[in-house]
Enquirer: 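To start, I am sharing the structure in question, which I have written as structure tokens.
Counting convention: from 1, in listed order, for ligands and their atoms alike.
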Amino acid sequence: MKFPKDFYWGAATASYQVEGGIENCDWAQAARDGRVPECGRSCDHYNRYEQDFDLAKQLGHNAHRFSIEWARIEPKAGEFNQREIDHYKAVIKALKIRGLKPYVTLWHFTLPQWFVDQGGFENPKAPEYFARYAGKMAAELGEELDGLTTMNEPMVFAGLGWLKGNWPPFKQFSLVTRFELTNSGSRSMSRPSVKFSHYFTYRKVVNNLIKAHRLAYEAIKSEHTHLKVSLVKHIVAYDANWNPLNKIWASVQDNFFNHSFLRRVADSCDEFGLNFYHYVKYGDRPAFEKSDMGWEMAPAGIYNALKTLWKYKKPIFVSECGLADHDDSHRAWYIEEQIKGVIKAYEEGIEVTGHMYWSLMDNYEWALGFEKKFGLIEINYQTLERKIRPSALVYKELIEKYSEIE
Ligand code: BGC
């Protein structure tokens with residue numbers, strides 16, 4: 001089995017998690033308020049991106065997914081910062097010079113402070129504001145790209161911000177107190193406001209996110225029709241054994257967490273990005289070991305996640321899939337198994353066009369700070385030295401093994 005020459009292999013990052021020096025967004029404000037850990041200079045990727053892309057190339061990648069920091073581009077409502085736009089143009093150029101296809105995400109969780117001050121995604125005007133930014137970026141970057149992703153994991157953003165309450169704006173739906181989501185940090189630090197009514201605000205936010213994506217789709221297309229517009233969705237792959245009750249329960253959850261959102265944006269997506277971390281099986285559950293995040297390690301479940309998303313018959317690129325593994329003892333196995341899952345889906349006719357590991361380098365894992373190590377490249381946060389992990393070389397071999405030779 002070989003993937004065609006235009007199959008893309010690489011890794012992903014997100015602006016706030018790696019760049020450093022971003023102070024005018026909601027997460028930076030939350031850190032100043034002591035509700036999430038400080039991000040500070042992070043990996044200083046903003047200044048060291050060329051060095052990082054050299055490493056990605058050296059690791060055999062031919063693509064890279066990254067995000068643009070909205071707060072840098074539009075520090076005040078309607079005012080765009082040309083110097084920052086030029087920065088991201090330089091980033092795209094640096095990728096292309098090295099033969100890495102850029103996958104650009106316009107928004108990955110962090111929001112400009114002015115936008116949040118006006119109510120963030122609770123504000124009925126939020127979709128328009130987002131589309132204005134998306135249109136501007138399409139106009140500025142469109143000629144250099146063949147696609148743009150509007151947003152990353154909108155349901156995770158809304159769920160952790162308005163139901164769970166451990167991410168900005170720290171609103172917690174009262175029934176959720178009993179559940180723990182392992183990647184959301186400690187409640188004593190985030191100090192959420194707890195109310196039953198936050199559920200209704202959550203619904204409003206989800207609706208505004210859907211509208212924002214749709215309007216952004218129009219805004220991007222009106223600048224450049226050639227741009228393929230996508231949305232990156234976190235898919236939990238639900239599975240069940242023979243038991244009809246388990247099957248029903250799996251499909252109820254699949255509908256709630258995956259399709260209730262997807263079916264409302266599918267018409268305005270030319271392709272989808274898939275972020276895969278969780279496989280959940282009801283009945284006859286194998287005993288999976290857990291990662292440093294406390295998540296079950298079931299990489300082959302990416303096959304089920306791809307099948308879930310393929311319902312919409314749009315090409316899919318794996319936009320994230322990876323493991324927190326501080327001593328690099330499971331990562332190589334994990335990557336190999338996940339690639340096997342992708343191959344299985346591909347051979348069954350699912351149109352998969354690329355595979356981005358999360359993440360190129362260790363980074364700021366949101367409310368958990370810098371402790372979790374997802375990187376193919378290890379970062380020493382004191383010296384900012386980069387060090388390639390052995391599993392990154394295994395990924396390189398797998399890329400060579402499964403790619404058609406030019
Ligand atoms: C997010 C990343 C995050 C990763 C690991 C994804 O949900 O897009 O920002 O670091 O998962 O938790």
Enquirer: With a 3.5 Å cut-off and no angle check, do the side chains of E153 and N275 form a donor-acceptor pair?
Expert: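 Looking only at side-chain atoms, N275 and E153 do form a donor-acceptor pair, the distance falling under 3.5 Å.
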
Enquirer: Can E143 and H224 be said to form a side-chain contact (heavy atoms from CB on, under 4.5 Å), step by step?
Expert: CA-CA 8 Å; E143 264 158 39; H224 285 287; 3.9 Å; yes

Enquirer: Has K290 got more than 12 heavy atoms of other residues, nucleotides or ligands less than 6.0 Å from its NZ?
Expert: no

Enquirer: May I ask whether H108 places a heavy atom under 4.0 Å from ligand 1?
Expert: yes

Enquirer: Any nitrogen or oxygen of N363, side chain or backbone, less than 3.5 Å from one on ligand 1?
Expert: no

Enquirer: Against ligand 1, does W295 come closer than 4.0 Å with any heavy atom?
Expert: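 In this structure, W295 qualifies as a contact of ligand 1 - some heavy atom is under 4.0 Å.
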
Enquirer: Does ligand 1 have any atom sitting under 4.0 Å from a heavy atom of N152?
Expert: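 It does, in that a heavy atom of N152 comes within the 4.0 Å cut-off of ligand 1.
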
Enquirer: Look at ligand 1 and say whether E365 reaches it with a heavy atom at a distance under 4.0 Å.
Expert: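 The answer is yes: ligand 1 sits under 4.0 Å from a heavy atom of E365.
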
Enquirer: Taking only heavy atoms of N275, which atoms of ligand 1 are found under 4.0 Å from at least one of them?
Expert: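 Heavy-atom distances to N275 below 4.0 Å select 8 (O).
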
Enquirer: Any atoms of ligand 1 less than 4.0 Å from a non-hydrogen atom of F374? List them with their elements.
Expert: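 Those atoms are 5 (C).
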
Enquirer: Around K307, counting heavy atoms of other residues, nucleotides and ligands shown, do more than 12 lie under 6.0 Å from its NZ?
Expert: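 At most 12 heavy atoms, drawn from other residues, nucleotides or ligands, come within 6.0 Å of this atom.
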
Enquirer: With a 6.0 Å cut-off (strictly less than), is the heavy-atom count around CD of Q118, excluding the residue itself, greater than 12?
Expert: yes

Enquirer: Only one of D362, D52, N380 clears side chain to side chain donor-acceptor pair (under 3.5 Å) with R386; which?
Expert: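 It is D52; the other options fail the test.
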
